[in-house]
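Read through the structure below, which is laid out as structure tokens, and then see the notes.
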Amino acid sequence: MRLGMPDPSLYCVKGMVILDNDGNRILTKYYDKETFPTAKEQKAFEKNLFSKTHRASAEIIMLDGLTCIYKSNVDLFFYVMGSSQENELILMTVLNCLYESVSMILRKNVEKRALLDNIDVVMLAMDEICDNGIIMEADSGAVLQRVAVRTDDIPLGEQTVAQVLQSAREQLKWSLLK
Amino acid sequence: MMDKKNEEDGSGNPFSNLEKTSVLQEARTFNETPVNPRKCIHILSKILYMLNQGEQLGSTEATEAFFAMTKLFQSKDVTLRRLVYLGIKELAGVADDVIIVTSSLTKDMTGKEDLYRAAAIRALCCITDTTMLQAIERYMKQAIVDRSVEASAAPQLVSALHLMRSSPDVVKRWSNEAQEALNSDNVMVQYHALGLLYNIKKSDRLAVTKLVAKLTRSAPRSPYAVCMLIRTACKLMEEEDAGTESPLFDFVDSCLRHKSEMVVYEAAHAIVNMPRTSPRELAPAVSVLQLFLSSPKPTLRFAAVRTLNQVAMTHPAVVTACNLDLESLISDVNRSIATLAITTLLKTGAESSVDRLMKQISSFVNEISDEFKIVVVQAIKALCLKFPRKHGVLMNFLSSMLRDEGGLEYKASIADTIITIIEENPEAKEAGLSHLCEFIEDCEHTSLAVRILHLLGREGPKTKQPSKYIRFIYNRVILESAARCQMDSDDEVRDRATYYYNILDQQQAALNNQYILNSLQVSLVGLEKALQAYSQGPADQPFDLRSVPVAEAAPTDSRAAAPEGSIASSRKPEEKVTATRQDVFAEQLSKIPEFQQLGPLFKSSQPVELTESETEYVVQCIKHVFAHHVVLQFDCKNTLNDQLLEDVTVQLEAADGFEVVATLPCARLEYNVTNTCYTLIKLPDDLMATVGSCGATLRYVVKDCDPATGLPDTDEGYEDEYLLEEVELTVADHVQRVLKANFGAAWDEIGDQNELEDTYALSAMKTLEQAVKQISQFMGMQACERSDKVPDGKSSHTLLLSGVYRGGAEVLVRARLALSDGVTMQLTVRSTDPAVSEVIASAVG
């Protein structure tokens with residue numbers, strides 16, 4: 001394994017992937033057009049990645065010349081990919097940020113149903129964490145601040161009674177979580 | 001509610017089975033006023049999800065969707081707006097006329113809503129071009145230095161970096177702002193600022209040096225920025241070809257003591273990758289990595305062991321200190337870590353630890369994938385070359401790996417490793433070869449088995465007990481040739497046979513070339529018998545190939561191209577091994593007790609008529625030549641229907657030197673039934689005397705009989721005899737044809753010690769073709785390299801003949817013929833036996 005020094009560059013993430021426990025894609029972001037030119041290569045990679053990782057809880061694996069760091073919970077698998085020359089610890093902070101952010105968005109209920117119900121916020125969070133391969137934010141708290149859904153923005157009239165109560169509960173939770 | 005409705009989907013995924021056109025249709029909802037945020041968020045989410053799944057949009061579709069999205073700017077819902085930005089970014093590449101959103105985005109960029117500003121800038125930078133960029137430049141610069149907490153400069157810097165690709169000149173003007181941003185408290189801002197600055201200045205080495213120098217003095221707070229700095233410093237060092245005396249190195253070295261693990265690792269990794277570092281300089285990096293080896297975090301362990309593995313390639317001694325920690329990693333839950341640990345240990349291990357290591361590896365090896373197994377095998381190869389005395393333990397290990405499950409590439413790599421070890425280490429040869437032999441007994445990869453047989457053929461004879469290997473090879477040929485003949489393996493069988501010839505003949509003073517290029521044709525069935533006898537008997541004498549009867553050469557065209565020649569040439573590869581005519585005779589003769597002591601049959605001639613046709617008695621003679629005897633087989637037929645012959649023999653008037661040893665009569669010769677009688681002659685030792693003719697008379701007791709019934713009239717008959725033509729024993733009778741695919745090599749191989757050369761005028765020959773035919777016939781030898789074909793119109797030709805003489809001596813003939821008023825022949829004979837040369841030379845009389 002030839003390791004070299006990576007070039008001084010901010011572009012260090014090649015992709016972030018969330019799969020369900022059948023290996024199907026839920027959300028993905030790929031930032032490297034050379035390694036993953038089309039959806040076909042991406043899906044092939046995901047299949048391979050899933051088959052090698054869904055049983056082992058090993059956290060890190062080298063695949064196809066990429067370093068992949070991963071974490072799973074219930075029925076979701078989170079992956080962050082970087083080049084094999086990349087600093088693995090940096091990639092790990094990205095994964096942690098992703099996972100923590102999603103966890104907080106879903107109120108610790110990190111599972112597929114919940115994620116799909118909040119997919120809009122999760123998409124925003126991923127966008128806040130990494131922009132085109134550059135790590136934007138590695139602190140999940142900061143990420144959350146930028147995507148926090150504040151239901152108090154919506155005028156009262158448009159909400160149902162249940163929603164109002166819900167948002168009140170949420171506000172309380174938020175202030176506790178902070 | 002929308003969400004609740006979809007929960008009833010039942011599939012568990014409200015986004016499954018999204019159909020592109022219907023989803024895009026739904027985007028029409030965006031046009032409704034007032035905008036319903038919840039509904040639109042949901043639809044927009046669906047669009048984004050669909051795109052994420054890999055769905056492609058055509059430019060019209062994309063443009064329509066894009067335009068629909070722009071309507072959503074009316075809503076003040078934060079999430080919706082943000083999603084719109086996402087949508088813009090997604091579609092910017094595909095849709096047309098995306099610049100229409102510029103004004104909306106610019107408004108957001110400069111507006112009051114904090115949450116919008118950063119995101120709007122990023123979206124804007126996605127759709128902007130150079131000219132437009134200049135218009136918004138002012139805002140960009142402002143945003144970069146904006147210190148307000150919410151709108152951190154990070155997105156602007158990042159966008160600026162993206163824009164470096166398309167509009168570098170514009171972005172370069174922002175370097176002052178970027179410089180200022182370096183002083184930001186925000187860790188990500190520092191990081192991005194550094195990244196941007198480096199990118200702007202990277203073509204100007206002096207500028208980079210200044211930048212790095214400034215920052216190394218007052219290290220940034222952001223660990224990401226420090227990592228970036230380390231890399232930049234290393235790049236500089238590489239460009240300036242600076243060594244470890246440079247202050248840059250000191251900086252990197254100091255980072256080994258940084259409080260962030262990320263930075264420590266980056267520094268260690270950097271030092272390890274520097275060229276020309278001494279062990280002393282490497283040591284601190286290695287000890288830091290050693291600490292990581294025992295971290296509870298798998299990523300740290302992985303990073304450390306990977307880097308140590310790299311160090312071990314160039315400075316194994318430095319890594320030795322970590323050996324204990326590495327050994328505990330062999331049982332790591334993460335298989336990649338375990339494999340890396342093992343391969344590192346294999347590079348750094350001491351000779352004394354090899355045994356222990358091998359034990360630990362054996363249990364582990366079954367769980368890793370083939371690719372990793374190959375890595376381990378390579379490491380073992382290196383280890384074996386490093387510690388040759390340990391070949392025993394290592395080869396045992398390799399052979400047990402061979403026996404386990406695995407694909408062809410994996411097993412081939414093991415076989416290659418064993419072969420390399422055998423080649424490099426003569427002491428390992430015996431063990432290695434026997435491991436390989438055991439392996440081919442049960443190997444399902446034919447190509448691999450063939451390669452190993454190749455090796456056995458080459459190396460086997462050089463060992464002390466080559467007969468050991470014959471058994472394995474014999475097994476392979478016997479067990480596999482019949483079944484596998486059907487497959488594409490005639491090459492294979494030929495190869496195998498050729499290679500075991502190598503062995504057998506190498507025992508009798510290596511005639512290596514000759515037997516690879518021109519294998520001796522031997523009847524396969526006969527060889528099988530001979531080998532059987534040999535392996536059953538005491539094997540203290542080397543197996544004598546000469547004892548095996550030679551098969552007749554088949555027509556040349558079937559094998560002109562084969563470099564290896566073939567055995568039992570009369571057999572086509574697709575058929576099963578069939579016995580030749582000679583084999584049949586051999587079988588028959590061996591049943592007769594008087595002939596059992598004669599040894600193997602050398603050659604059986606074609607039948608020769610000893611009577612004219614249409615005579616009373618018809619007698620044909622077949623001459624079976626043995627090592628020192630000839631058995632004359634007389635097939636007799638009585639054409640007289642009123643006679644019954646009994647006790648029929650052929651009496652020979654032996655020529656000088658020939659001795660009639662025995663005659664076996666044939667008991668009865670009924671009308672029209674062919675029966676056989678034999679006469680056994682012992683040949684003289686002098687080869688020149690073995691050519692001659694004997695008078696032959698048919699002797700018998702004749703009884704008259706009734707033509708209708710065939711029964712004799714009387715019990716008593718009378719003796720009578722019938723003169724036959726002479727039985728001739730020619731030179732050709734003592735020679736078996738043998739094809740040599742490469743005559744030249746064989747010619748050189750034999751050498752000229754027993755060469756005879758003479759020139760003859762063949763007055764009886766009128767054409768070259770006639771001469772060629774006659775000569776081949778007289779000598780009984782095989783024309784090689786198509787020299788039996790004389791090209792039209794030629795007046796000179798060279799005939800190449802090859803054969804083997806009774807007793808096993810090879811003989812080659814080169815006859816240079818010239819046509820001019822008769823044929824002149826310059827005959828050159830070479831043989832391993834001088835007497836044979838003489839005999840052959842005399843054949844053309």
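Treat the numbers as computed from the prediction; the structure is a model and nothing was measured. Letters A, B, ... mirror the listed sequences (proteins, then strands); counts begin at 1.
B:Gln310 and B:Thr307 share no donor-acceptor pair across their side chains, judged by distance under 3.5 Å alone. Side-chain atoms of A:Glu46 and A:Tyr79 form no donor-acceptor pair, as typed in the model, at a separation below 3.5 Å. If you check the side chains of B:Asn52 and B:Glu90, you find no donor sitting under 3.5 Å from an acceptor.
With sequence neighbours excluded, the residues that form a salt bridge (Lys or Arg N to Asp or Glu O under 4.0 Å) with B:Arg301 are B:Asp332.
Heavy atoms of A:Leu124 lying under 4.5 Å from chain B belong to its backbone as well as its side chain. Within the 4.5 angstrom heavy-atom criterion, only side-chain atoms of B:Lys89, from C-beta onward, approach chain A. Heavy atoms of B:Leu83 lying under 4.5 Å from chain A belong to its backbone as well as its side chain. Looking at A:Ala138, the atoms closer than 4.5 Å to chain B (heavy atoms on both sides) sit in the backbone and in the side chain alike. There is no contact between B:Tyr85 and chain A, counting heavy-atom distances below 4.5 Å. With a threshold of 4.5 angstrom between heavy atoms, A:Met92 approaches chain B through side-chain atoms but not through N, CA, C or O. The part of B:Ile41 that comes within reach of chain A is its side chain, from C-beta onward, which places non-hydrogen atoms under 4.5 angstrom from that chain. At a 4.5 Å heavy-atom cutoff, A:Lys40 makes no contact with chain B through either its backbone or its side chain.
Taking the six-membered ring for Trp and the full ring otherwise, A:Tyr31 and A:Tyr11 have centroids separated by 6.0 Å or more.
The aromatic rings of B:Tyr265 and B:Phe292 lie tilted to each other, with the angle between the two planes from 30° to 60°.
With chain B as the partner, the residue from A:Asp131, A:Thr28, A:Ile119, A:Thr38 showing the most heavy-atom pairs under 4.5 Å is A:Asp131. Note: B:Leu161 leads B:Leu161, B:Leu48, B:Leu229, B:Leu194 in heavy-atom pairs under 4.5 Å with chain A. When B:Glu261, B:Arg82, B:Arg122 are compared by the number of non-hydrogen pairs under 4.5 Å with chain A, B:Arg122 comes out ahead. Each of B:Ser45, B:Pro223, B:Gly54 has some count of heavy-atom pairs under 4.5 Å with chain A, and the biggest count is that of B:Ser45. Of the residues considered (A:Ile135, A:Ile69, A:Ile61), A:Ile135 shows the highest number of contacts with chain B, using heavy-atom pairs under 4.5 Å.
Each of A:Asp20, A:Asp75, A:Asp117 was checked for a side chain to side chain donor-acceptor pair (under 3.5 Å) with A:Lys112, and the lone residue meeting it is A:Asp20.
Side-chain N or O atoms of A:Ser103 include none that pairs as donor or acceptor with a backbone N or O of A:Tyr99 at under 3.5 Å.
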